[in-house]
Amino acid sequence: MADNYQYQIPPNVDREEFMRTRVFVERDQVTNTTSNDLSGTWDSFDDRWDFDAWKKQFRLVINRMSFNAVEFDLIGVHASVANTLRRILIAEVPTMAIEDVFIKNNTSVMMDEVLAHRLGLIPLRADVGKFGERGPNDAPTDLNTIVLNLKVKCERIQGTPKSMPREQRLTNHTVYSRDIIWDPQGDQATEHKDNPIQPAFDDIVITKLNQGEELDIVMHARKGIGRDHAKYSPVGTASYRIMPEIHILRPIVGDAAHKFAESFPPGVIEIVKNARGQDEAKVANARKDTVSRNVLRHPEFLDAVTLSRKRDHFIFNVETVGSVTPAPLMVQAFDVLKQKCLKLRASLDNLNLQ
Amino acid sequence: MSAMDQDIQENRISLVPIDGEHADDNTCCTFAIQHEDHTMGGILRYIIGKNPDVLFCGYNLPHPAEDVMHFRIQTNGKITAADAFRKGLDDIVEMTEHMSAEFSKQAHGTGFQYVPSYDL
């Protein structure tokens with residue numbers, strides 16, 4: 001391994017700004033990662049908190065959205081803000097999930113507790129804002145509990161021979177989440193008229209039954225957060241990556257340009273014809289780079305490229321589990337963060353310090 | 001679920017006393033916050049650290065089995081530690097409200113591509 005590798009800050013950028021705002025991606029390590037944002041760190045740059053200055057450079061750009069996922073860019077915030085948002089999405093946004101399972105009859109081969117565990121993990125589509133928390137000593141009311149029923153019996157279709165496969169011989173051979181029926185209590189029927197409560201997906205397999213087996217189950221769902229149990233987490237995954245950057249330090253032409261382009265994922269580097277008619281490598285879209293640092297494996301490119309990441313540009317990818325759609329979920333996540341701060345403020349005031 | 005109980009919600013901060021010659025006064029103290037972890041600790045540390053009158057701020061979770069976060073603030077005397085804490089919380093609320101408004105504005109706008117589904 002050549003030991004003359006030295007990370008070079010690109011010559012055409014402001015050196016101190018580069019050190020302050022970028023993470024250095026070197027051949028064997030990632031450096032300059034520590035937080036340097038505390039007030040007073042830099043001589044030439046006033047780092048104190050100024051909301052108006054922050055607001056001017058903050059940007060939130062939604063890249064794309066689907067029925068169950070959203071990809072957006074958060075630009076101009078610190079890593080701790082992005083991390084807090086991520087943690088809140090995973091663990092602190094409340095949803096409804098089945099908590100109490102009253103099994104009146106279960107003659108299937110699946111044990112009661114395993115079945116109850118599976119029922120708890122089914123995402124429910126319900127308007128969480130209309131429900132309150134139910135503590136361990138609270139009685140169930142229509143404002144804190146959803147009642148759901150599951151009553152399925154597997155029977156033989158008359159006249160089918162035993163040699164036929166189960167799917168054709170039996171009714172209800174598989175219990176799906178669509179078999180869970182909501183039983184509206186009190187005012188729930190009118191409150192949730194526009195948005196009836198049901199499992200988020202119809203085709204989740206709960207269990208399988210054989211001839212004569214049946215399930216007769218009543219379930220109570222309540223509000224909870226992911227911190228308590230993962231079944232309450234509204235996201236399948238919420239993650240972010242930090243925007244990569246590629247600086248080409250010297251012209252890369254000809255065959256080397258093609259090799260350079262191939263060391264990156266497709267779409268990151270494009271080949272253009274330069275003034276002298278040669279193929280030259282240019283950065284097309286650094287966002288597509290997965291930062292595998294594959295290019296730094298080639299000795300001829302060690303001095304040709306500087307890889308870095310922009311510290312304050314986060315590419316979020318949030319995939320929901322089905323109980324909430326992505327746009328209201330993000331709004332709820334911001335609201336949870338705000339409420340946590342307000343509640344801490346109330347606690348601080350109750351402490352009665354000067 | 002007891003963390004959700006209203007009563008406990010509003011009395012979650014106490015002071016961790018440090019005796020001796022470097023006893024805490026109102027310009028430096030360690031707050032013990034129940035039922036909080038890195039989710040609030042990280043962002044608070046960042047925002048309170050941005051205050052030029054704060055000389056030191058940091059947090060830790062003393063033991064994973066206890067749901068407590070210790071947050072220490074030391075100021076230069078011009079403001080009290082509690083004031084720095086309050087300002088930090090207000091700053092986070094202000095920042096969050098702006099981020100939420102931006103997101104809602106973008107979500108109702110047309111600057112992005114709505115697809116039926118996409119591969120992550």
Side-chain angles (χ1 to χ4, degrees), chain A residues 35 37-40 47-49 51 54-55 58-69 71-72 74 77-81 83-85 87-88 91-92 133-136 224-225 227-228 237 317 319 327 330-331 334-335 337-338 340-351 353-354, chain B residues 1-5 9-15 26 29 31 33 36-40 42-47 49-52 54 57 80-83 85-100 102-109 111-118 120:
Chain A
S35 173
D37 284 68
L38 262 50
S39 173
D47 244 349
R48 72 180 61 202
W49 177 251
F51 176 66
W54 172 81
K55 196 161 101 163
F58 168 74
R59 286 177 60 220
L60 194 157
V61 183
I62 299 181
N63 209 268
R64 41 183 185 166
M65 184 146 41
S66 74
F67 73 99
N68 70 340
E71 181 187 326
F72 65 94
L74 209 59
V77 291
H78 189 250
S80 52
V81 178
N83 192 37
T84 291
L85 183 61
R87 286 175 69 100
I88 286 179
E92 310 238 13
E133 270 103 34
R134 181 178 156 196
I225 54 175
R227 221 166 162 227
D228 188 23
T237 176
N317 220 315
E319 182 187 1
M330 290 309 306
V331 174
F334 287 119
D335 194 52
L337 178 52
K338 180 175 157 186
K340 278 163 83 73
C341 290
L342 294 177
K343 289 190 179 132
L344 273 181
R345 205 160 190 312
S347 282
L348 188 57
D349 291 336
N350 283 341
L351 191 54
L353 292 176
Q354 307 88 312
Chain B
M1 298 292 278
S2 58
M4 300 268 181
D5 190 17
Q9 280 285 310
E10 300 216 331
N11 284 289
R12 287 189 295 151
I13 305 186
S14 56
L15 291 179
N26 62 352
C29 47
F31 300 94
I33 309 172
E36 288 298 347
D37 58 1
H38 303 283
T39 307
M40 281 311 289
I43 195 171
L44 272 173
R45 184 192 60 79
Y46 166 69
I47 279 285
K50 285 282 208 184
N51 190 334
V54 166
C57 90
T80 64
D83 275 343
F85 199 166
R86 265 180 223 120
K87 178 171 190 301
L89 290 167
D90 289 340
D91 287 340
I92 296 175
V93 169
E94 204 177 24
M95 177 168 63
T96 309
E97 279 175 344
H98 180 67
M99 288 199 287
S100 183
E102 265 303 302
F103 186 89
S104 298
K105 195 169 80 172
Q106 288 279 319
H108 291 118
F112 62 93
Q113 191 192 353
Y114 189 91
V115 293
S117 71
Y118 62 86
L120 291 160

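If you're wondering where the values come from, they're calculated on a predicted model, not measured in any experiment. Every chain is numbered from 1 and lettered A, B, ... according to where its sequence line falls, protein lines coming before strand lines.
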Check each atom of [X] against the heavy atoms of chain A and say whether the ones under 4.5 Å are side chain, backbone, both or neither.
X	answer
B/E97	side chain
B/N51	backbone
B/H108	neither
B/T39	both

Atom [atom1] in [X], atom [atom2] in [Y]: separation rounded to 0.5 Å?
X	Y	atom1	atom2	result
A/C341	B/D90	SG	CG	9.0 Å
A/L344	B/R86	CG	CZ	12.5 Å
B/T96	A/K340	OG1	NZ	12.0 Å

Using heavy-atom distances under 4.5 Å, tell me whether A/F58 contacts chain B through its side chain, its backbone, both, or neither.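 The side chain, not the backbone.
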Toward chain B, the part of A/E92 with a non-hydrogen atom under 4.5 Å: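 When you check distances to chain B, only side chain atoms of A/E92 fall under 4.5 Å.
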Using a 4.5 angstrom heavy-atom cutoff, name the option from [options] with the most pairs to chain B.
options	answer
A/A327, A/A79, A/S35, A/S39	A/S39
A/I62, A/D335, A/L60, A/N83	A/I62
A/L85, A/T84, A/I88, A/L337	A/T84

Over all heavy atoms of both residues, which pair between [X] and [Y] is shortest? Give the atoms and the distance, please.
X	Y	result
A/V331	B/S100	CG1-OG, 4.3 Å
B/V93	A/L342	CG2-CD2, 4.1 Å
A/V81	B/M99	CG1-CE, 3.8 Å

Can you confirm whether [X] sits close enough to [Y] that some side-chain heavy atom of one is under 4.5 Å from a side-chain heavy atom of the other?
X	Y	answer
B/M95	A/W49	yes
B/H98	A/K55	yes
B/H38	A/S80	no
A/L351	B/F31	yes
B/Q106	A/F72	no

Trace of the side chain to side chain contact (heavy atoms under 4.5 Å, CB included) decision for B/I13 with A/N350: CA-CA 8 Å; B/I13 305 186; A/N350 283 341; over 6 Å; no
Output yes when a side-chain donor or acceptor of A/S347 lies under 3.5 Å from a complementary backbone atom of B/R12, and no otherwise.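 Checking the backbone N and O of B/R12 against the side chain of A/S347, a donor-acceptor pair under 3.5 Å is found.
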Tell me whether the rings of B/Y46 and A/H78 are parallel (<30°), tilted (30 to 60°) or perpendicular (>60°).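 The arrangement is parallel - the two ring planes meet at less than 30°.
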With respect to chain A, which residue among B/K87, B/R45, B/E36 yields the maximal number of heavy-atom pairs within a distance under 4.5 Å?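 Ranked by contacts with chain A, first place is B/E36.
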Taking every heavy-atom pair that is under 4.5 Å apart, which of B/E102, B/E94, B/K105 has the most such pairs with chain A?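 Maximum pair count with chain A is reached by B/E94.
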